[in-house]
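Hydrogens, waters and symmetry mates play no part in the numbers below; they use all other heavy atoms, side chains included. Throughout, protein chains are lettered first and strands after them, A, B, ... in sequence-line order, and every chain is numbered starting at 1.
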Amino acid sequence: MSAKVRVRFAPSPTGGLHLGGVRTALFNYLFARQNGGDFILRVEDTDQTRFVEGAEAYILDCLNWCGIAPDEGPHAGGEYGPYRQSERKALYRQYAEQLVEQGNAYYAFDTPEELEQKRTESPNFQYGHTHRNELRNSVFLPVKEVQELLEAGTPHVIRIKMPVEETIGFTDMIRGRVNFETSTVDDKVLLKADGMPTYHLAVVVDDYLMKITHAFRGEEWLPSAPVHLLLWEYLGWKNEMPQWAHLPLILKPDGHGKLSKRDGDRLGFPVYAMNWTDPKNGDLTQGFRELGFLPEAFVNLLALLGWNNGTDQEIFTLDELVEQFSIDRISKAGAQFDFEKAKWFNHEWIKQTSATDLEPLVIPVLRAHDIFAENHSQLKKIIDLVKDRCTLLTDFYEHSSYFFQKPAESTIDWPSIQPKWNAAKTDFFIAFIQKTQEIESWEAAAIEATFKTLIAEKGIKIGEVMLPFRIILVGGKFGPAVFDIAEVLDNQEVVERIEFALSILGR
RNA sequence: GGCCCGUUCGUCUAGGGGUUAGGACGUUAGAUUUUCAUUCUAGAAACAGGGGUUCGAUUCCCCUACGGGCUACCA
């Protein structure tokens, strides 16, 4: 009864990994870790027409980036493999045949075109008890004819035979009791004509074979639960059925409906965890990672989309989530995704991450703009100086580029200093250049003291030269404390920037 | 259309038979920052509607409305 907890994340390798997918994986991971269980990755690639090259490796990369790598899967092996359903193809047929023998399923020879025809004729057409006695299947056709069709190798599927007038239900860990009338559900295909199982058969067989104890999946699966329920029962595995939790959907930020990749494109935010390039047309879709999100922040914001710990705490580390996660605090209603809030999470995480931890992530951001910061202690100082103003990792470029590159003449905010410029100011800065040579220890406090002493000597107001000084150093009205900037820039660089400005202002 | 799930500020949510219905994002206003951002303080902002049950419902029940999901040989 107290079997080891085993959960699985079972994506289809059909493209980029969506926010909702990562959240499902995350909840699986949290639950497994919390209970000392196993977290399995199972690749549901039963639809050959939708298979996309590279998607599986990409999914794994995403999980690794998030820090929620599975224990078992095609990448890591395990006792319950193979972990790709395409490689398990041979396994499924016997179960489908068993169901046919038991009378819980049947062969159907109708072609997709025939069914399409039916559906256009009557919009509410369902392949179920109301129609199955008029279609080409082993329920309706004489035994002999069925045999002939089978022997002739006629393409066919196996469909579940939904019972009439039965109420079937289960207790969802999030929603409580959910009941269905079996007559309202159609006879789902279990085994396709190509011999591959559909999701319905595969999920039940594999969850059983892989000894899954708890199954997390999106709410969109709730309507097909009765099919799965029946399968567990017909296959004789009812007592081993996992407990289910149907997670609330992640919705579009505007209007309503499930969040999709298109919404991200339309509204200007990522939906995939990492960059994804469609191998068919080469289209690149930007991911959270490349946009400048920290994995800790990404995981944090996903966890809070539909879950909270009942307090005001919003910032959680993965370890804290593992410790505090609980299914009964998952909300029932769908959550609209809010990119502004997502950015807030990232900002918080950047602020609380040390310069040492940030450095390896900032280096590539700068390198993308041909800035090669080789002085590590200087770079860390810069990171500490500007990280409070960076919402995304990529913001480090615009907030620190002036440390590495002299502001270009064309970008300097001359209008803010030129109109009030005068000989006294020129005189002051020339004198300041001299004074900087006497500063023994080039630190913000010493620079400031020298600056202020000189102001007193020259009898000018500090307000008249502070802003010009800043603009001379960084090019505009922005940035951290000006003497901190001067310290990081170093003596010679400060002098050069002042001399350059004077050469323009003195004209 | 049918079936299923859901409904507290614009958004994410806490709460729960009697509360000034709390927090966060965003927003507004002030303060600090001799720059900008950060930060701080304050403000506006919600229980979908109707019936019950009850001394009392936002909270429990029912109905309606609205929203969402599913209704493929896709997952």
Exercise. Among A/E220, A/R217, A/K332, A/E219, which one satisfies side chain to side chain donor-acceptor pair (under 3.5 Å) with A/H246?
Worked result: A/R217

For this session: Please work out which of the three classes, parallel, tilted or perpendicular, describes the rings of A/F293 and A/F298, given edges at 30° and 60°.
Result: perpendicular

For this session: Report the distance from atom NZ of A/K341 to atom P of B/U13, rounded to the nearest whole Å.
Result: 10 Å

Exercise. What pairs meet the side chain to side chain donor-acceptor pair (under 3.5 Å) rule with one or both residues in residues 178-197 of chain A, with sequence neighbours excluded?
Worked result: A/Y106-A/D187, A/R132-A/D187, A/T167-A/E181, A/R177-A/N179, A/D186-A/K188

Problem set entry | Donor/acceptor link under 3.5 angstrom from A/K188 side chain onto base of B/A72 | no

For this session: Please tell me which of the listed nucleotides, B/C5, B/G68, B/C36, lies nearest to the side chain of A/L249?
Result: B/G68

For this session: Among B/C5, B/C25, B/A75, find the nucleotide with the atom closest to the side chain of A/L222.
Result: B/C5

For this session: Pick the C1' atom in B/U8 and in B/U13, then give their distance to the nearest Å.
Result: 9 Å

Problem set entry | Exercise: do A/Y107 and A/E97 side chains pair donor with acceptor under 3.5 Å | yes

Exercise. So which nucleotide from B/U13, B/C25, B/G6 ends up closest to the side chain of A/W344?
Worked result: B/C25

Exercise. Salt bridge check: are A/D395 and A/R389 linked by an N-O gap of less than 4.0 Å?
Worked result: no

Problem set entry | Stretch residues 380-396 of chain A: residues that reach within less than 4.0 Å of RNA chain B through a heavy atom | A/D388, A/R389

Exercise. Does A/T111 or A/S331 map to a spot on RNA chain B nearer the 5' end, using the closest nucleotide for each?
Worked result: A/S331

